[in-house]
Amino acid sequence: MVPQRRRYALETLRIYTRANVGRNLKQLDNELRELNTDKKLEENLEILKKIFTIAKEEMSSCPSFDSLFHRIRTILIYEEVDLSEIVDKNAFENLKKKVGNKQAYSILAFGIIKYYIKKERLPHPYIFIRYDP
Amino acid sequence: MISKGGSEILKEIAYLPQFFDLARALKSEREAIEELKHIDINIEPPHKYSKPFEDFNRVEKDIEREHMADLQRKLNELKGKLERGKEINPEDFKLEIITFEELEASAKVYKLLKEKIESMPTEKRAPYEQARRYLLESGLEYTRKELEANLQNYLRLRRRKRG
């Protein structure tokens, strides 16, 4: 059984992905496959742990979706993590040309959050809610 | 099969009020839209309205350009301070960011700050670490507004499609 918390997180993510980058989760999956993101994260879970450790720094244990998304996208823009460890760099450059920088980084940030929810390998009690608790 | 402990279940239940709040907000919004549907609106030909909108867009662009120039000046100052090794005030790194381009522009200062932290002894890192956190947090308000506006547009379009 999918826990309530995770189901709700996926539902919120579905709405936000659709609204912000105009993609449903299936399309997002296809794009991420081209970027090789899931495979790279699968091979290097440490990088995912690093992203979420920085993202949760000084935040409440239950951050809003907005603040978490902002942190993750900013970490990617600031290259706090080596992007080549998360994506196929050429494919990412192509995506940037196709949809613009903002959209490309947003797609990647959504992808990372989705991968995290899907795997739930890290023991953070995150729930991606719209409103701050 | 019961596999969860009591505290685990309590944790899950604790999120339910937030879920209901969201559901209630969406429902009341839907009801408000239903009411609006019955109001007749006469729309004048677009040319009568395009001028004020064009003016508004121009003003908005001017504000953004001006803000970007101010931010760039501030970023250059911060960069100079870091390069010269001067003492920094972490509060200066709380930047007001209003566009995505500004978010990208601050990346160089962030990189410099990170290099500085790595080259420093641990006991001297505290203000720089604080500055790094402030910089990471800058622009949250912009992101929040961006997500909110996109979500509202999406909901409006979906409602219009459903007719």
Side-chain angles (χ1 to χ4, degrees), chain A residues 1-9 11-24 54-59 61-81 83 96 100-106 109-110 125-133, chain B residues 1-4 8-9 11-26 95 97 99-114 117 129-130 132-158:
Chain A
M1 196 178 88
V2 184
Q4 175 80 17
R5 186 159 62 91
R6 189 167 160 231
R7 204 164 49 215
Y8 182 46
E11 177 62 12
T12 311
L13 185 74
R14 188 181 68 76
I15 295 173
Y16 269 76
T17 315
R18 195 69 192 249
N20 288 290
V21 284
R23 280 146 179 86
N24 59 37
I54 301 167
K56 80 174 182 119
E57 220 176 353
E58 305 256 316
M59 281 169 100
S61 60
C62 187
S64 69
F65 180 89
D66 296 2
S67 48
L68 188 72
F69 171 76
H70 171 76
R71 285 263 184 147
I72 291 181
R73 191 172 66 174
T74 311
I75 290 165
L76 298 174
I77 295 166
Y78 287 174
E79 293 183 33
E80 175 78 61
V81 292
L83 280 185
K96 273 197 208 170
N101 282 9
K102 183 160 105 175
Q103 287 275 70
Y105 280 113
S106 298
F110 277 116
Y126 280 129
I127 173 165
F128 308 102
I129 52 166
R130 172 65 190 84
Y131 301 103
D132 287 322
Chain B
M1 190 183 75
I2 298 169
S3 58
K4 283 179 185 171
E8 192 75 5
I9 292 168
K11 257 188 227 168
E12 303 244 321
I13 292 172
Y15 295 112
L16 284 177
Q18 288 146 8
F19 179 77
F20 289 130
D21 278 352
L22 184 65
R24 259 197 299 276
L26 286 173
L95 301 173
I97 287 174
T99 64
F100 186 77
E101 286 68 30
E102 292 178 358
L103 200 61
E104 285 187 306
S106 53
K108 276 181 194 157
V109 172
Y110 187 89
K111 243 181 193 173
L112 209 60
L113 197 56
K114 211 182 141 199
I117 292 169
E129 285 282 5
Q130 188 65 25
R132 190 184 69 87
R133 273 194 290 271
Y134 282 149
L135 199 52
L136 202 60
E137 205 56 43
S138 296
L140 171 61
E141 205 41 47
Y142 156 71
T143 303
R144 195 169 276 166
K145 280 182 188 157
E146 175 201 350
L147 289 173
E148 184 64 39
N150 287 341
L151 185 63
Q152 291 305 329
N153 276 340
Y154 165 69
L155 291 173
R156 205 172 301 130
L157 283 174
R158 203 172 63 167

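Proteins get letters first, then strands, A, B, ... in listed order; numbering begins at 1 in each.
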Quiz item: Tell me, do Y110(B) and T74(A) make a side-chain contact under 4.5 Å, heavy atoms counted?
Solution: no
Self-check item: Non-neighbouring partners of Q130(B) that pass side-chain hydrogen bond (donor to acceptor under 3.5 Å, both in side chains), sequence neighbours left out
Solution: R133(B), Y134(B)
Practice problem: Considering only NZ, NE, NH1 and NH2 on the basic side and carboxylate oxygens on the acidic side, decide whether E79(A) and K114(B) come within less than 4.0 Å. | Solution: no
Quiz item: Taking side chain as C-beta onward, heavy atoms only, is D66(A) less than 4.5 Å from T143(B)?
Solution: no
Exercise. State which residue, out of E146(B), E101(B), E104(B), fulfils the side chain to side chain contact (heavy atoms under 4.5 Å, CB included) condition with K102(A).
Key: E146(B)
Quiz prompt | Which atoms of R156(B) approach chain A - backbone, side chain, both or neither, heavy atom under 4.5 Å | solution = neither
Quiz item: For A19(A) and Y154(B), which heavy atoms make the closest approach, and how far apart are they?
Solution: CB-CB, 3.6 Å
Quiz item: By ring-ring contact (aromatic ring centres under 6.0 Å, His included), which residues pair with F100(B), not counting sequence neighbours?
Solution: none
Self-check item: Under 4.5 Å from any heavy atom of chain A - which part of L135(B)
Solution: both
Exercise. Specify the closest pair of heavy atoms between Y78(A) and S106(B), including all atoms of both residues, with the distance to one decimal.
Key: OH-OG, 2.8 Å
Self-check item: Closest non-hydrogen atom pair between L103(B) and I77(A), with its separation
Solution: CD2-CD1, 3.7 Å
Quiz item: Just how far is it from atom CZ of R71(A) to atom CD of E137(B), taken to the nearest 0.5 Å?
Solution: 4.0 Å
